[in-house]
Trainee: 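Have a look at the structure that comes next, please.
Within every chain, numbering begins at 1; the chains are lettered A, B, ... in the order of the sequence lines, protein sequences first and strands thereafter. Here the structure is a predicted model, which is why all the values come from computation and not from measurement.
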Amino acid sequence: MPISDAQQAIWDIVKKIPVGRVSSYGRVAYFAGYPQHARMVGRALRIAPDHLLLPWHRVVNAKGQISFPVGSEQAELQKDKLQTEGVVFLSGRIDLERYAWLGPLDSDLWRM
DNA sequence: GCACTGACTCCCA
DNA sequence: ATGGGAGCCAGTG
């Protein structure tokens with residue numbers, strides 16, 4: 001399996017994350033068919049061409065935190081985008097119990 | 001080819 | 001809650 005296929009698979013999964021929901025690098029890797037390859041997701045997103053219009057901001061780490069240095073321009077941008085979609089941050093973290101996307105088969109129902 | 005670096009995770013002290 | 005260390009592997013120099 002060429003690496004380009006893995007990147008494509010990852011991008012496809014990310015595109016499926018619904019507005020207002022989030023997923024983690026590890027979960028995206030898992031759904032894309034590459035379990036144990038969270039770092040690969042980070043790389044794939046970093047090199048993703050802009051024209052794909054990926055909702056990259058909906059991917060956070062397993063702790064529900066943004067993986068950019070706090071205060072960095074990128075971290076602020078991601079946080080803004082998420083808050084605009086209604087995602088709430090509590091002391092720098094997202095409540096994954098409430099906002100985590102459960103995968104391609106998730107019914108997209110809002111849990112509360 | 002070797003060493004180092006991450007948009008990571010898990011596990012354990 | 002928090003920090004350190006190991007496993008991970010494609011890029012980069």
Trainee: Taking NE2 from A/His37 and P from B/dA7, how many angstroms apart are they, rounded to a whole number?
Mentor: 18 Å
Trainee: Counting just side-chain N and O atoms, does A/Ser24 come under 4.0 Å of either OP1 or OP2 of B/dT9?
Mentor: yes
Trainee: Output the rounded distance in Å from NZ (A/Lys63) to P (C/dG4).
Mentor: 12 Å
Trainee: What's the CG-C1' distance between A/Leu82 and B/dA7, to the nearest Å?
Mentor: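 Interatomic distance, CG of A/Leu82 to C1' of B/dA7: 13 Å.
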Trainee: Using a 6.0 Å cut-off, check whether atom CD of A/Gln83 has over 12 heavy atoms from anything other than its own residue.
Mentor: yes
Trainee: Could you check how far CZ of A/Arg39 sits from P of B/dA7, rounded to whole Å?
Mentor: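 Taking atom P of B/dA7 as the reference, CZ of A/Arg39 is at 8 Å.
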Trainee: If you measure from the P atom in C/dT2 to the same atom in B/dA7, how many Å do you get, rounded?
Mentor: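 Straight-line distance between the two P atoms is 22 Å.
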Trainee: Using heavy-atom distances to pick each residue's nearest nucleotide on DNA chain C, tell me which of A/Gln7 and A/Arg93 is more 5'.
Mentor: A/Arg93
Trainee: Ion pair present between A/Arg21 and A/Glu85, side-chain N to carboxylate O less than 4.0 angstrom?
Mentor: no
Trainee: Please compare A/Gly26 and A/Arg43 by the position of their nearest nucleotide in DNA chain B and report the one closer to 5'.
Mentor: A/Arg43
Trainee: Could you tell me whether a side-chain N or O of A/Thr84 sits under 3.5 Å from a main-chain N or O of A/Asp80, the two making a donor and an acceptor?
Mentor: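 Yes; at least one donor-acceptor contact below 3.5 Å.
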Trainee: What is the distance from CD1 of A/Ile47 to C1' of C/dA10, rounded to the nearest Å?
Mentor: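 The distance from CD1 of A/Ile47 to C1' of C/dA10 comes to 9 Å, rounded to the nearest Å.
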Trainee: When the distance from CD of A/Gln65 to C1' of B/dC8 is rounded to whole Å, what number comes out?
Mentor: 12 Å
Trainee: Whole Å only: how far is the OH atom of A/Tyr34 from the P atom of B/dT9?
Mentor: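 The distance from OH of A/Tyr34 to P of B/dT9 comes to 18 Å, rounded to the nearest Å.
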Trainee: Looking only at side-chain N and O atoms, does A/Asn61 offer a donor or acceptor that is under 3.5 Å from a partner on A/Ser67?
Mentor: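 Side-chain D/A pair, A/Ser67 to A/Asn61: present.
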